[in-house]
Amino acid sequence: MANEHVAISTQGVQLLRGDSKTTLKELCWIQEYPDLIEDPDTIDVTTLMHTMQANIPALPKSSARAFPAFVDTDAGNLKAVQDTANTPAYYAVRSRNGWGWVWHGQHSVSVPGKGVDDAIQFNIVITNDSDLEFTESITVSTS
């Protein structure tokens, strides 16, 4: 039997940022990514005449998605991410095969506390002001 439906690893997944969907560049290496597409919310509109609960679709939520990353040895990646914080941009989570999700929003940076012998991390927290769009081919800009 051929392995036609083989899963792929998260290895190589990139977090990208750019001024447009065609100028996306790697923001920094991330440790993991959060839920990208969430279950839709509904509004309960059940009346006493219904025999089953009735719902209608609710407005999509703007979520705050945290992408943890390690601070590199000279903290250059943290500085680069902080320098572009709080400015609207396009973001993407891109698989190593090139497909992924693109959306518009802006990010902030947080640095959680740490203890003895811990790696220093920071979080890139991105809020969206558009829907996340699945794209079959996301190109990383080299310019």
Side-chain angles (χ1 to χ4, degrees), residues 1-47 50 52-143:
M1 175 186 270
N3 287 331
E4 294 178 23
H5 301 286
V6 178
I8 65 167
S9 167
T10 56
Q11 189 276 327
V13 169
Q14 297 172 290
L15 176 61
L16 308 173
R17 181 185 184 280
D19 292 330
S20 71
K21 293 178 183 180
T22 59
T23 60
L24 296 165
K25 295 182 180 180
E26 189 167 62
L27 185 56
C28 77
W29 289 5
I30 56 173
Q31 292 174 262
E32 60 187 59
Y33 59 89
D35 293 346
L36 297 174
I37 305 297
E38 299 170 354
D39 292 337
D41 281 336
T42 58
I43 300 169
D44 185 351
V45 293
T46 309
T47 70
H50 283 101
M52 176 182 253
Q53 186 175 4
N55 293 291
I56 60 173
L59 292 172
K61 288 183 180 176
S62 173
S63 298
R65 294 174 175 84
F67 297 81
F70 290 117
V71 176
D72 60 17
T73 54
D74 64 358
N77 65 343
L78 174 58
K79 178 164 179 16
V81 170
Q82 277 192 308
D83 286 349
T84 58
N86 303 312
T87 56
Y90 285 89
Y91 296 88
V93 171
R94 180 184 183 270
S95 75
R96 68 177 181 203
N97 294 10
W99 53 262
W101 292 266
V102 179
W103 70 97
H104 192 266
Q106 62 183 8
H107 74 270
S108 61
V109 179
S110 67
V111 181
K114 290 293 170 186
V116 174
D117 210 20
D118 281 341
I120 300 174
Q121 295 173 288
F122 65 98
N123 288 315
I124 303 162
V125 181
I126 305 172
T127 56
N128 61 300
D129 58 22
S130 74
D131 289 336
L132 278 72
E133 171 189 340
F134 179 79
T135 304
E136 291 183 20
S137 179
I138 299 170
T139 303
V140 179
S141 178
T142 56
S143 57

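For the numbers below, each heavy atom of this structure counts, side chains included, while hydrogens, waters and symmetry mates do not.
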Task: Any donor-acceptor N/O pair, Asp74 side chain to Gly76 backbone, under 3.5 Å - done: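 Yes.
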Task: Exam field: side chain Asn128 to backbone Ser130, donor-acceptor pair closer than 3.5 Å - done: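 Side chain of Asn128 to backbone of Ser130: a pair is present.
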Open item on the list: Tell me whether the count of non-hydrogen atoms from other residues, nucleotides or ligands lying under 6.0 Å of CG in Asn97 goes above 12.
Closed with: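 Yes, enclosed.
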Task: side-chain contact (heavy atoms from CB on, under 4.5 Å) between Val111 and Gln82, worked out - done: CA-CA 11 Å; Val111 181; Gln82 277 192 308; 5.8 Å; no
Task: Member of Phe134, Tyr33, Tyr91 meeting the ring pair (Phe, Tyr, Trp, His ring centres under 6.0 Å) criterion with Trp101 - done: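 Answer to the ring pair (Phe, Tyr, Trp, His ring centres under 6.0 Å) test with Trp101 among Phe134, Tyr33, Tyr91: Phe134.
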Over all heavy atoms of both residues, which pair between [X] and [Y] is shortest? Give the atoms and the distance, please.
X: Asp44; Y: Ala54; result: OD1-O, 3.2 Å
X: Pro68; Y: Gln121; result: CB-NE2, 4.3 Å
X: Phe70; Y: Asn77; result: O-ND2, 2.8 Å
X: Gly18; Y: Ala89; result: O-CB, 3.5 Å
X: Asn86; Y: Ser108; result: OD1-CB, 4.0 Å
X: Val81; Y: His107; result: O-NE2, 2.9 Å

TODO: Take Ile30 and Val93 through the side-chain contact (heavy atoms from CB on, under 4.5 Å) test and state the conclusion after the steps.
DONE: CA-CA 10 Å; Ile30 56 173; Val93 171; 5.6 Å; no
Open item on the list: Could you walk me through whether Ile126 and Phe67 satisfy the side-chain contact (heavy atoms from CB on, under 4.5 Å) test, starting with their C-alpha distance in whole Å, then the side-chain angles of each, then the deciding distance to 0.1 Å, before giving a yes or no?
Closed with: CA-CA 8 Å; Ile126 305 172; Phe67 297 81; 3.6 Å; yes
Could you grab the distance from atom [atom1] of [X] to atom [atom2] of [Y], nearest 0.5 Å is fine?
X: Thr10; Y: Glu32; atom1: OG1; atom2: CD; value: 10.0 Å
X: Leu59; Y: Ile43; atom1: CG; atom2: CD1; value: 6.5 Å
X: Glu136; Y: Ser95; atom1: CD; atom2: OG; value: 11.0 Å
X: Thr135; Y: Arg94; atom1: OG1; atom2: CZ; value: 11.5 Å
X: Leu16; Y: Tyr90; atom1: CG; atom2: OH; value: 14.5 Å
X: Leu132; Y: Asp35; atom1: CG; atom2: CG; value: 11.5 Å

Task: Ile120 and its side chain to side chain contact (heavy atoms under 4.5 Å, CB included) partner, picked from Leu78, Asp72, Val71 - done: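 Among the candidates, only Val71 passes.
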Open item on the list: Any heavy-atom pair between the side chains of Gln106 and Thr87 that's under 4.5 Å?
Closed with: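 SC-SC contact between Thr87 and Gln106 ruled out.
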- [ ] Just do the side-chain contact (heavy atoms from CB on, under 4.5 Å) check on Thr139 and Leu24 with the steps written out, would you?
- [x] CA-CA 7 Å; Thr139 303; Leu24 296 165; over 6 Å; no
